[in-house]
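FYI, the numbering just counts along the sequence from 1. Remember, it's 1-based here, ligands and their atoms both numbered in the order they're listed.
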Amino acid sequence: MDIREKDQKYIAHTYGRVPLTLSGGHGSYVTDDAGKEYIDLGSGIAVNTFGVADPGWVQAVTAQLSRLQHTSNYYYTEPMARLAELLCEKTGMSRVFFSNSGAEANECAIKAARKYSFDRYGEGRKKIITLKDSFHGRTVTTLSATGQDSLHNYFAPFTEGFAYVQAGDREALAAEADDSCCAIMMELIQGEGGVNVLDADFVRYAVELARERDILILADEVQTGNGRTGKLYAWMHYGFQPDIFTTAKGLAGGLPLGATVFSKKTKDVLTPGSHGSTFGGNPVCAAGAVYVMEHLDDALLQEVKEKGDYVRKSLAGLPGVTEVTGMGLMIGVGLAKNLAEAVEACRQKGVLVLTAHDRMRLLPPLNIPFPVLREGIERIKEVIGE
Ligand SMILES: *Cc1c(COP(=O)(O)O)cnc(C)c1O
């Protein structure tokens, strides 16, 4: 049996796989089992922050791997403490809880928001407002939080206490932000929903409304975080600090790690025994993340912005391109032609791209060299022009 047959036979059929087996790579290239190279403009969905096998990152991870691969959260470890310090110092936030994925990071934020409210007001303020077309994860509660009816099937009963508001609809937001509401949760750029950038005035309105009513703002930075948009976290583009933000995907540069980051106001909500995770903050993953955080400096973020602007300028206005959305190296491209066919044609030309809702989605490694990015975009332009 070859790899694909084995996979089809033994692995649950939850993914519509692309007929491609990847076995290696370097930098912004991945290699298939026949040795063909592809320019990777997806980074494994915004995970491989510095591409494949970045030498400094590999060194940081393997050094920790051969020192101590795991210990329980009953003990202190250096990489976890250092990573939390970096996350707080670079954001002005106060405390971190580590888990292993985006869904878990959001689950923790949801628990903390409800407990914050319970501690202050007692029972009754359980509602969390999320946005339509959002995506917050695949657990029963984070699916509930996700504002897409198509995902609210099969698995009932779903967790109660979520209300969905269309981004931009101030009246609906104000109406839902009542005495029973403890938090508003949003992605500042909706990733899976199609790379939809939230309107700055709407976000400001939501933040002001929330502050007036002691409702927490939870920013889901699972996809937008860790330099992806040209700032360390997307909320930094919007001029406010969330009460809690979550991140995962690119945080550890290719290893599973989630973080829920608390402000001064929420830092003491989680108390001993109220939450936990066996693997959360694992020292190998944390060492990878320390490397990532230490290398996301202003010069790199400036480069992310410039590369993003280059992509936008190259594609916007082309015949066949209906719109270009996003910020930094999180880019959505609306196409006149069939999206699935375009993605497949890109693969034939040796460039891997993603989709989000009805757009092509580009999430290249943040350190992709300019010439490689240019080559990838030229190939996409050929596909669009065909
Ligand atoms: C990917 C994603 C998640 C879920 O992350 P997992 O690591 O797959 O659990 C949650 N929120 C957003 C915004 C995401 O992009």
Just distance, no hydrogens or angles: give the donor-acceptor pairs under 3.5 Å from side chains in residues 150-157, sequence neighbours left out.
| from | atom 1 | to | atom 2 | distance (Å) |
| --- | --- | --- | --- | --- |
| His152 | NE2 | Leu143 | O | 2.9 |
| His152 | NE2 | Thr146 | O | 2.8 |
| Asn153 | ND2 | Ser150 | O | 3.2 |

Output a table of donor-acceptor pairs, distance under 3.5 Å, between side-chain atoms of residues 336-343 and any protein atom two or more places apart or on a different chain; print 'none' if there are none.
| from | atom 1 | to | atom 2 | distance (Å) |
| --- | --- | --- | --- | --- |
| Lys337 | NZ | Val383 | O | 2.7 |
| Asn338 | OD1 | Ala340 | N | 3.1 |
| Asn338 | OD1 | Glu341 | N | 2.8 |

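A donor-acceptor pair under 3.5 Å is absent between the side-chain atoms of Arg359 and the main chain of Gly332, judged by distance alone.
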Which N or O atoms of ligand 1 sit under 3.5 Å from a protein N or O, and how far apart is each pair?
| from | atom 1 | to | atom 2 | distance (Å) |
| --- | --- | --- | --- | --- |
| ligand 1 | 7 (O) | Gly102 | N | 2.8 |
| ligand 1 | 9 (O) | Gly102 | N | 3.4 |
| ligand 1 | 9 (O) | Ala103 | N | 2.8 |
| ligand 1 | 11 (N) | Phe135 | O | 3.2 |
| ligand 1 | 11 (N) | Asp220 | OD1 | 3.4 |
| ligand 1 | 11 (N) | Asp220 | OD2 | 2.8 |
| ligand 1 | 15 (O) | Gln223 | NE2 | 2.8 |
| ligand 1 | 15 (O) | Lys249 | NZ | 2.7 |

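When each of Leu41, Ile368, Val52, Asp40 is tested with Ser28 by the rule side chain to side chain contact (heavy atoms under 4.5 Å, CB included), just one qualifies, namely Ile368.
Judged as a ring-ring contact (aromatic ring centres under 6.0 Å, His included), the pairs with a partner in residues 92-111 (not counting sequence neighbours) are, in order, Phe97-His275.
Taking the centre of each ring, Tyr310 and Phe370 come in below the 6.0 Å mark.
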